[in-house]
Amino acid sequence: MKPQQLNEFYRLLCNGTYKNVATSYAIGRYKTMKICLYLSCEPCSFIEYGDFLPLSLPNELCEIFMQDGYFDEQGTATEKAQRMLVWQVWLKYYNDEEPFAAVHLFDFSDDGVAQSGEFVDLGNCREE
């Protein structure tokens, strides 16, 4: 991913655009919503990059990007961003501490945004 693409991804997440999408996926019985990011630096392999509360996302993500060397001290993407292939953005809905549902909102790559909308009922995925 080009550094300017990482800057664009960060702006897209932090300017509140996802909140409009999240509203369309609102599920009343869940108390908390978190934004979950998955990063791929190699084909077909994703790592969970973190679950963020919407209000804390901009500061926490910027700090993590700086610690990992993806952002410089001014908060601008570095050349290290070229290792990134794709970001998956999910919303997870929680009731107490456990996630019960998730919506895969979109993937972000050098090609831009690819919307998904896939819904997963995590309550049905648990072992008894």
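Note that the coordinates shown come from a computational prediction; the quantities given were computed from them, not determined experimentally.
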ask   = Taking atom CD of Glu118 and atom CD of Gln88, what is their separation to the nearest 0.5 Å?
value = 8.5 Å
query = Between Tyr70, Phe71, Phe65, which is the residue that forms a side chain to side chain contact (heavy atoms under 4.5 Å, CB included) with Asp68?
reply = Tyr70
task = Report yes if the distance between the aromatic ring centroids of Phe9 and Trp87 is under 6.0 Å, otherwise no.
result = yes
key: Polar side-chain atom of Thr78 near backbone of Gly69 as donor-acceptor pair, under 3.5 Å   = yes
message = With a 6.0 Å cut-off (strictly less than), is the heavy-atom count around CD of Gln67, excluding the residue itself, greater than 12?
response = yes
query = Looking only at heavy atoms, what is the nearest atom pair of Gly112 and Gln5, with distance?
reply = N-NE2, 4.4 Å
query = Is the shortest side-chain N to carboxylate O distance from Glu48 to Lys34 below 4.0 Å?
reply = no
query = Can you check whether Ile35 reaches Asp51 side chain to side chain, under 4.5 Å on heavy atoms?
reply = no
task = Kindly compute the distance separating CE (Met1) from CD (Glu8), expressed to the nearest 0.5 Å.
result = 10.5 Å
request  = Could you check if a side-chain atom of His104 sits within less than 4.5 angstrom of a side-chain atom of Asp107, using non-hydrogen atoms only?
outcome  = yes
task = Take Tyr94 and Phe100 through the side chain to side chain contact (heavy atoms under 4.5 Å, CB included) test and state the conclusion after the steps.
result = CA-CA 6 Å; Tyr94 290 76; Phe100 279 92; over 6 Å; no
query = Which heavy-atom pair separates Gly75 from Cys62 by the least distance, and what is that distance?
reply = CA-SG, 4.5 Å
query = Quick one: side-chain hydrogen bond (donor to acceptor under 3.5 Å, both in side chains) partners of Gln4, sequence neighbours excluded?
reply = none
ask   = Between Leu39 and Cys41, is any pair of side-chain heavy atoms under 4.5 Å apart?
value = yes
query = Is there side-chain contact between Phe52 and Leu13, with heavy atoms separated by less than 4.5 Å?
reply = no
request  = Just do the side chain to side chain contact (heavy atoms under 4.5 Å, CB included) check on Leu91 and Leu105 with the steps written out, would you?
outcome  = CA-CA 7 Å; Leu91 292 179; Leu105 294 179; 3.6 Å; yes
inquiry  = For the OG atom of Ser109 and the CG atom of Leu85, what is their distance to the nearest 0.5 Å?
reply    = 8.5 Å
key: CG on Leu6 to CZ on Arg11, rounded to 0.5 Å   = 9.5 Å
task = Measure the shortest side-chain to side-chain distance between Leu37 and Phe108 over non-hydrogen atoms and say whether it is less than 4.5 angstrom.
result = no
ask   = Do Ser40 and Phe46 pass the side chain to side chain contact (heavy atoms under 4.5 Å, CB included) test, and can you show the C-alpha distance, the side-chain angles, and the key distance before you say yes or no?
value = CA-CA 5 Å; Ser40 175; Phe46 286 89; 3.5 Å; yes
